[in-house]
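Scroll down for the structure; my scribbles are underneath it.
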Amino acid sequence: MGGGSSYTPELIEGFILNYKEFPVTEVWLVDIPEGKHKLDIVGKLAQRMVERANLPIAVHLTLDRREALKGADFVSTQMRVGLLQARIWDETIPLKYGVIGQETTGPGGMMKALRTIPALLDICKDMEEICPDAWMLNFTNPAGMVTEAINKHSKIRAIGLCNAPTGIYKWLMDLYDVPAEHIYAEFVGLNHLHWVTQVRIDGESKLEGMLGEHEGYTGKNVPQSSWNKDLIRALGAIPSYYLKYFYLQKEMLEDQIETSAREGTRAEVVKRLEDELFTLYQDPNLSEKPKQLEQRGGAYYSEAAVRLMKSLYNDTRDIQTLNVLNGNILDFLPPDACIEVNCVVTKQGPIPLPVSNVPLAVKGLIHAVKTYEQLAIEAAVHGDRSLALLALSHHPLVPSANIAEPMLDEMLAQNKHFLPRFFS
Ligand code: G6P
């Protein structure tokens, strides 16, 4: 779902590379009329990639998702409701109120959730009717909130994914010059709000020696401000680079204001990169994923997606970092909260592993953000402005309810076309 995404070549490459253990016979790339032009370009590249690999994978392009869902085993989502233009709004309107404007964190992330959750729940309704036993792999951001909404408000089995854990393994592979099988990293928290609380190489703990010594893994999409080394040592854990928006809020806001004035917001930078990618993708001689795709923050996401499908299909029982329902893993969160933790992947689904330690200091922030998330999910499902105001007023990055209200109303008005439940 969202087949016209510039990330699709990653997914196709993943199917090609893993064909032996995961013999995909059909891939249906589904989009909506507004994305048809992208679907045609990306879809033809996908077909060329499969032909070049000489594999019997049928690649279908369609705007008819009900047709595509027939017989589906896995439904993977990678959608951006409102396209990048809506992300530009998410990243610019909050800045006008002196608040961080970001794709998935804070007010921008809430607007993406309000636009996206109803669209995903509509897809789940079709799946309940056409392929009720299919797994939904949700990449669509904000991945943790969207996955929680699907598990709460539909009968579909959804697993949330992010590329950040894959990125961290690649960083550790490089740092210690070992293959991934020799590494164990433990993740605790939420999507885009996790801490790495264990790093083991061949069973030997390395975390102590790492604290404050390395900048840690940082995606291409977040300013590279430096961590406060004493804080990292006091934490005893390595925070996700998204936590710079919380621990370095002042610096990150200043950086956003400065860079958006100079080169535009991240979404505007990405828009230029996307245009370049789609020009590349149109080249009939291109039949592989171009390197430029690794300039996107979401690089390598398909490795995570295909690895998960492969393990579900083969009952591999390997350990992967996924977004799943909490149950009693984090005793300070509700059982129906979606959290990002290590899981054993089996045919009947991911089984979350107990976490070895949750730094006391981080429990409050995790709970505060999860409370915001759960309020925002209900606001999205019911099109409820007062719930959205409650969510925003309780987000740690929003300094005052007197900022939350006008900012919310401006964002709702700007997104009116994509918020039918608010403006029915
Ligand atoms: C990171 C996150 C993704 C996010 C992406 C944005 O990798 O894990 O969830 O969508 O960055 O990257 P972009 O290149 O679009 O700013």
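Owing to the predicted nature of the structure, the values given are computational and were not obtained by experimental measurement. What's counted below: heavy atoms across the whole structure, side chains too, no hydrogens, waters or symmetry copies. Atoms within each ligand, like the ligands themselves, are counted from 1 in listed order.
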Please confirm whether Tyr242 comes under 4.0 Å of ligand 1, counting heavy atoms of the residue only.
->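 Under 4.0 Å: yes for Tyr242.
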Is Thr104 in contact with ligand 1, taking contact as a heavy-atom separation below 4.0 Å?
-> no
When the ring centroid of Tyr372 is compared with that of His395, is the distance short of 6.0 Å?
->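 Yes - the distance between ring centres of Tyr372 and His395 falls below the 6.0 Å cut-off.
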Measure centre to centre between the rings of Phe423 and Phe418, then say whether the value is under 6.0 Å.
-> no
Numbered atoms and elements of ligand 1 in range of [X], under 4.0 angstrom, heavy atoms:
X	value
Asn163	1 (C), 2 (C), 3 (C), 7 (O), 8 (O)
Cys162	8 (O)
Arg87	13 (P), 15 (O), 16 (O)
Tyr241	1 (C), 7 (O)
Val270	13 (P), 14 (O), 15 (O), 16 (O)

Verdict with reasoning, Val345 to Thr316, per side chain to side chain contact (heavy atoms under 4.5 Å, CB included) | CA-CA 7 Å; Val345 181; Thr316 310; over 6 Å; no
Looking at Glu274, Glu268, Glu103, which one forms a salt bridge (Lys or Arg N to Asp or Glu O under 4.0 Å) with Arg87?
->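 Single pass found, and it is Glu103.
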Under 3.5 Å, N or O to N or O, is Asn141 touching ligand 1 that way?
->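 Yes: some nitrogen or oxygen of Asn141 is under 3.5 Å from one in ligand 1.
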Using distance alone, decide if ligand 1 has a nitrogen or oxygen within less than 3.5 Å of any nitrogen or oxygen in Arg266.
->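 The answer is yes, given that Arg266 and ligand 1 share an N or O pair closer than 3.5 Å.
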Looking at atom 7 (O) of ligand 1, what's its closest protein heavy atom, distance included?
->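 Its nearest protein heavy-atom neighbour is Gly297 O, 2.3 Å.
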Heavy atom of the protein closest to atom 4 (C) of ligand 1 (residue, atom name, distance) |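 Going by distance alone, atom 4 (C) of ligand 1 is nearest to Glu103 OE1, 3.3 Å.
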Determine the interplanar angle of the Phe332 and His367 rings, folded into 0 to 90°, and report it as parallel if under 30°, tilted if 30 to 60°, perpendicular if over 60°.
->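 Rings of Phe332 and His367: tilted, as their planes differ by 30° to 60°.
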Does NZ or CZ of Lys416 come closer than 6.0 Å to the centre of the six-membered ring of Phe422, within 45° of the ring's axis?
->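 Verdict for Phe422: no cation-pi partner in Lys416.
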Polar side chain donor-acceptor pair, Asn141 to Lys112, under 3.5 angstrom | no
Would you mind checking if Asp409 and Arg385 are paired as a salt bridge, meaning a charged N to carboxylate O distance below 4.0 Å?
->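 Looking at Asp409 together with Arg385, the answer is yes, because their closest N to O distance falls below 4.0 Å.
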